[in-house]
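Scroll down for the structure; my scribbles are underneath it.
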Amino acid sequence: MLKIFELIGRYFILMGKVFSRPEKASIYRRRIIYEMESLGLDSIGLTAIISVFIGAVITLQMCINLDSPFIPRSLVGYATRETMILEFSSTVVALILAGKVGSSIASEIGTMRITEQIDALEIMGVNSASYLILPKIVAGVVFFPFLTILSILIGILGGWMIAYLTGIMIPADYVEGLLMDFRPYSITYSLIKTAVFAYIITSISAFYGYYAKGNSLEVGAASTRAVVVSSVVIMIFNLMLTQILLI
Amino acid sequence: MIRAEHIVKSFEGRTVLDDVSVEFETGKTNLIIGRSGSGKTVLLKSLVGLHEVDSGRVMYDDVDFTALGFRERKAIRKDIGMIFQGGALLDSSSVEENVKLPLDLFTSQSEAEKLERVNFCLQRVRLENVNHLYPAELSGGMIKRVAIARAIVLNPKYLFCDEPNSGLDPQTSIVIDNLIHEITREYNITTIINTHDMNSVMEIGEKIVYIHQGRKWWEGTKDEILYADNRELNDFVFASAMAKRAKDAAVSGR
Ligand SMILES: Nc1ncnc2c1ncn2[C@@H]1O[C@H](COP(=O)(O)OP(=O)(O)O)[C@@H](O)[C@H]1O
Ligand SMILES: [Mg+2]
């Protein structure tokens with residue numbers, strides 16, 4: 001138990017370092033663009049593939065399970081939209097990205113630690129925590145919401161495609177459901193969640209990498225731990241944010 | 001001049017440096033020698049503030065480095081170049097970007113001026129046409145040269161080298177040693193080199209400190225080391241048969 005408090009304490013000390021004494025703005029600009037590319041753009045493919053399949057499966061499931069004359073068919077479109085917006089495109093995508101982006105951040109920074117690249121930055125008088133971690137956090141918090149929007153759109157498209165291709169329901173009913181009872185606030189809620197999850201993934205993974213020591217085995221272990229811990233923290237925050245934002 | 005005064009450093013209760021005091025001279029190549037695990041790297045990192053010492057002081061000329069805060073240290077760090085054991089080049093940056101980084105951080109020169117300086121330093125370590133390669137594409141010797149170029153790009157007053165020729169073949173080692181030695185002379189730098197390479201000791205050991213189990217056991221010059229009667233030191237320095245013969249020849253020829 002004491003260990004957990006110590007860990008959390010160290011995490012906040014590191015965050016203090018990340019947000020204090022930043023380096024020149026011009027240096028960050030370049031690094032943020034670089035990180036957006038490596039953390040964000042490179043995740044578009046994975047997000048799109050998973051979203052199109054999930055959208056299709058949700059639609060299929062709804063068609064099969066809501067097969068009753070009392071329930072209008074358009075409800076399937078509505079349900080697909082709401083599932084994508086409320087949970088899948090924020091929370092599930094975040095969990096997937098925790099695996100992909102989180103492990104890459106932790107192993108990149110961990111390797112820099114054990115090969116003394118972080119010491120080399122420190123010796124140049126660079127605030128290494130800020131120089132390495134801040135651009136990743138900013139890139140994640142700015143870019144992941146776009147991934148969420150993309151995932152919502154592609155998921156909904158996936159549902160429509162399955163309706164169209166299999167004929168399990170009339171695509172026009174699906175579209176009617178999509179337009180039913182739409183609350184823009186759901187999108188806001190989803191994007192706020194994503195931004196918070198992006199912060200959790202990038203900062204926790206960076207934390208485990210930054211304090212890695214020893215050899216490549218331990219960098220591997222740190223990167224696994226980063227993924228596990230960010231995933232659990234995401235689930236906890238998902239619950240809390242839903243409480244705060246929707247009720 | 002850099003002076004360590006009664007430095008003590010321990011990790012989790014284990015004392016790694018035990019009351020080390022030593023002075024490193026300006027314009028000379030000062031060597032810290034000792035077995036692996038004796039505390040050389042920890043001493044070097046304590047001198048530059050990468051490790052905080054438990055007690056004792058580190059003086060840079062007349063400034064007590066240990067007493068300074070982050071901002072004041074940054075001013076001194078501008079004058080420090082360091083070459084790490086594995087080179088520690090940033091993997092995600094090209095050779096040119098690696099060498100240019102200190103200029104980006106500390107100067108407001110134009111891009112053209114910076115590039116000119118970068119190329120000058122790369123030529124100084126005899127590297128050409130590698131500007132756009134990445135560390136993964138370089139040989140061990142080239143990595144060390146780029147690391148040297150990066151370390152001298154801001155004209156440092158102090159140069160720290162952690163085992164600059166570990167992992168290099170003997171010939172390349174000598175080239176790197178000589179390069180560091182030349183640069184030290186040329187710019188009157190206070191250079192401190194960690195090594196357990198006896199070639200380096202005999203070639204460039206203008207001042208030598210022998211560390212054993214975290215304590216200073218001996219100090220002197222490369223000429224004095226041949227005649228030193230410290231047993232631990234002799235066991236370490238003259239571990240190989242060839243070195244023993246060289247010593248015997250030197251001593252009997254006196
Ligand atoms: N960050 C650290 N935490 C704990 N122990 C360390 C750390 N750095 C070095 N040590 C220990 O200090 C001792 C000296 O290490 P080091 O200075 O690296 O030796 P070397 O002379 O080979 O450079 C070793 O026993 C090492 O295990
Ligand atoms: Mg060492």
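The sequence lines fix the lettering, A, B, ..., with proteins before strands; numbering per chain opens at 1.
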*If you round to the nearest 0.5 Å, how far is CD1 of A:Ile234 from CD1 of A:Ile204?*
8.0 Å
*Under the side chain to side chain contact (heavy atoms under 4.5 Å, CB included) rule, what do B:Ile192 and B:Ile32 come out as? Steps first, then yes or no, please.*
CA-CA 7 Å; B:Ile192 305 179; B:Ile32 301 172; 3.6 Å; yes
*Heavy atoms only, distances under 4.5 angstrom: which of B:Leu90, B:Leu89, B:Leu101 has the most pairs with chain A? Name it, please.*
B:Leu90
*Side chain, backbone, both or neither: which part of B:Lys45 has a non-hydrogen atom closer than 4.5 Å to chain A?*
side chain
*In terms of heavy-atom proximity below 4.5 Å to chain A, should B:Phe160 be classed as side chain, backbone, both, or neither?*
neither
*B:Val48, B:Leu50, B:Ile76: which one forms the most heavy-atom pairs within less than 4.5 Å of chain A?*
B:Leu50
*asked:* So does B:His196 get a backbone contact from the side chain of B:Ser200, meaning a donor-acceptor N/O pair under 3.5 Å?
replied: no
*Non-hydrogen atoms of chain B under 4.5 Å away: do they reach the side chain of A:Ile118, the backbone, both or neither?*
neither
*How far does CZ of B:Arg77 sit from OH of B:Tyr60, to the nearest 0.5 angstrom?*
8.0 Å
*Go through the atoms of B:Arg150 and report whether side chain, backbone, both or neither lie under 4.5 Å from a heavy atom of chain A.*
side chain
_Among the listed options B:Leu154, B:Asp162, B:Asp91, B:Ile80, the residue most often paired with chain A at heavy-atom distances under 4.5 Å_ = B:Asp91
*Checking heavy atoms, do the side chain of A:Met124, its backbone, both or neither come under 4.5 Å from chain B?*
both
*Does A:Phe237 have its ring centroid less than 6.0 Å away from the ring centroid of A:Phe197?*
no
*To the nearest 0.5 Å, what is the distance between CD (B:Glu182) and CD1 (B:Ile180)?*
10.5 Å
*asked:* Given heavy-atom pairs under 4.5 angstrom as the criterion, report whether the side chain, backbone, both or neither of A:Ile123 touches chain B.
replied: both
*Pair B:Leu44-B:Met82, side chain to side chain contact (heavy atoms under 4.5 Å, CB included): steps then yes or no*: CA-CA 10 Å; B:Leu44 211 61; B:Met82 187 155 181; 4.0 Å; yes
